[in-house]
> 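Before we start, here is the structure in question, set down as structure tokens.
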Amino acid sequence: MSSRIPELYRDAGKAILAKALPKLVGQPSAILSDRKRFDDLLVSPVWAELPLPCRLLGRKRLGWDLLFDQIRVAVYDGSGPTIKMRADAAARVTEAFRATVLEVAARLNVAAPASSIVAGSGSAAGLKAAAGKTSAGKSAGPGSSAKPAGNPDVAIGIDLGTTFSAVAWIDADGRPVAFENSTGDLITPSVVYFEDEGTIVGKEAARVALVEPDRVAECAKRDMGKKHYRKPLNGEMVPPEVISSIILRSLKADAERRLGPVTQAVITGPAYFDEPRRQATINAGKLAGLDVLDIINEPTAAAISYGYQKGFFHRETGAVDKPMKVLVYDLGGGTFDVTILSIEGQNFTVVATDGDVTLGGKDWDQQLVDFAAEKFQAEHGEDPRKTPTSLQDLFAAAEQAKRALTERTRTTMIVTHAGKRSKIDVTRQDFEDATAALLLRTRHTCKEVLRASNLQWSNIDRIVLVGGSTRMPQVAAMLEELSPGSQVDRSLSPDLAVAHGAAIYADVILKRKKAGSSKFKLIDVNSHSLGIVGIEPSTMQKINHVLIPKNTHLPHRVTQGFKLAKAGQKGVRIEVLEGESRQPKSCTAVGTAIVSDLPENLPLGTSIDITYEYEPNGRLHVAAKLRDHNGVFRITFERENSLKEDDFGVWSEYVAHESRRMLE
Ligand code: ADP
Ligand code: MG
């Protein structure tokens, strides 16, 4: 597959057209002048078959309708009562594409692949043959997908948040510093607007969400690891990692405005992310043109930031700090993590972690939305949640009210819907009552993680708060009540601590590469148990058989033996799961390990050892070995929902196109 979007557009478009154009032959000629019928029968169905990255660029930018204006008169003969195809249709389609692809290339600001246009041979059949060929034109023009060489001495740390993201680096004085975005803010809403002319990230996108919700992606991080973002954007189902990569591109551009080209980065993710979500995060980084040095957990990054702030990175060798046990409580916009670490100088060891990837400030907003919507309904008999734009407005008003209630004990929400308006008073007490169950969930998770770490509250030296939602007074109050004796510490920036920690860690990696060693040591854990689907002999039911329990120090590997059930068996299929339940259905399907091409005539009961290995960052590898045999065979690990490697080139090009304006 060609990796340049104009070429992809031309090649795929021609191939699909070759099949579609003859469909109009024999139909009434009137169709050619009836714009709507022509559109319904040909233009829109063919558009729907184009590859997604092309469609996402939009019909307007690709000059799609323009192309059909040319095709309509150039390809069909409508002089009789029914439509005929002209003899030189293929050449004419090629010519029409040549003209529009040049246009597209100019508009997308890329080197045009015009020289490599394949000429048709003059018949509809020839069109088919020509359409199959692809060109080799791959000049490294300004739109080339070739990675720009970044400064090898610089790496950035990126906090890719559900609601807000931030990017930081270690400046010349050795301090973590966050970059301003183009609107002058240190944090950027993780919101992407897919407008006809390209994508927009941040505040402006969040503003547009109020008027055009069906073109705006918010909280895409909640869908990482799934095939698609939860709803269509501009009519298309988009992979969440593509949305995240557009945000990453924008953050990279913010750093590059100050630093020049940078490619090396550490990206953070929630500790409670499962493996597919970690993989999706790495993929998003790659699509954004980043060289992902590592991914680390957000609470771990915050703890590193805490250690830095306490001066642990500046002590001379030999100065030993008293070990500290720290609990990081990270409540953001869409995820909740709690992690207990032991910090001893520059040694960071995670003891236990737990969390909820679908709990955050948004859920607190939702409670206020419901509170206000019910009051509105009682007054006007209509539910503002039923209309997407009213619902968006309501969410914005709720978020504002929530922030106000952090400062004050009462506030007012204005709700307008269907020409009616309500002024709704909310007290902090109302808000706390409405959200008590959510806070209780975080309390329960804190207790769980303490239990898993075999510690008492009296062993916890500090409870460190991170994430914007920890500004709500109810959070610190709950933690103080829960942990008498521990100190609740608000000294870190709830918004920037994670990006700072990622930047410190990125810098450690660079220095370690140069020096070959480093005083810094980080040991994390897996946040989910790793298992495989097995059969319970007594019931013959499928069960999740755990191989690596959660909270195991990483890296960790485990080998499990399997016996061939049949003589001469050629392959083995192993389903890999993450989760605590015995029911495979309640666990996350990570993927399937497939052993194939086993040597001929293996006897019944032959042993195969499958090794699962978690990297230090929680990424999984699978390997296999035949016991007592040296035969060659293959093992592949097919991931659920993962973006196909083949599509990477085109997607990264799409992301690069979309982001070009960010650097202007
Ligand atoms: P994430 O990392 O998940 O993107 P952040 O840590 O940036 O999230 O936190 C964003 C959340 O914090 C949002 O839900 C936002 O409403 C909430 N938040 C920010 N400031 C306040 C405040 N002053 N009071 C209450 N909530 C706040
Ligand atoms: Mg965060």
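Counting starts at 1 for both ligands and their atoms, following the listed order. Every value quoted in this text rests on a predicted model; they were computed, and no experiment measured them. Residue numbers run from 1 in the order of the sequence given. Values below: every heavy atom of this structure, side chains too, minus hydrogens, waters and symmetry copies.
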> Within this structure, what is the CH2-CD distance for the pair Trp651 and Glu241, rounded to the nearest 0.5 Å?
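Reported to 0.5 Å precision, the distance equals 9.5 Å.
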> Taking side-chain contact (heavy atoms from CB on, under 4.5 Å) as the test, write out the residues that go with Lys550, two or more places apart.
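Once residues adjacent in sequence are excluded, the partners of Lys550 under the side-chain contact (heavy atoms from CB on, under 4.5 Å) criterion are Tyr272, Asp354, Ser529, Glu580.
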> For a quick check: using heavy atoms under 4.0 Å, what are the residues in contact with ligand 1, sorted by chain and number?
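Ligand 1 pocket, heavy atoms under 4.0 Å: Gly161, Thr162, Thr163, Phe164, Gly332, Gly333, Gly334, Gly361, Glu399, Lys402, Arg403, Thr406, Gly467, Gly468, Ser469, Arg471, Met472.
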> Just verifying a value: how many Å separate Thr349 OG1 and His553 NE2, rounded to the nearest 0.5 Å?
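Interatomic distance, Thr349 OG1 to His553 NE2, rounded to 0.5 Å: 6.0 Å.
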> For Arg278, give me all partners under salt bridge (charged side-chain N to carboxylate O under 4.0 Å, His left out), at least two apart in sequence or on another chain.
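Residues passing salt bridge (charged side-chain N to carboxylate O under 4.0 Å, His left out) with Arg278: none at all.
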> Counting only N and O atoms by type, is there a donor-acceptor contact under 3.5 Å from the side chain of Arg215 to the main-chain atoms of Asn234?
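No, Arg215 side chain to Asn234 backbone: no donor-acceptor pair under 3.5 Å.
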> Restricting to pairs with a member in residues 428-447, which pass salt bridge (Lys or Arg N to Asp or Glu O under 4.0 Å), not counting sequence neighbours?
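Applying salt bridge (Lys or Arg N to Asp or Glu O under 4.0 Å) to every pair that reaches into residues 428-447, excluding sequence neighbours, yields Asp356-Arg441, Arg443-Glu481.
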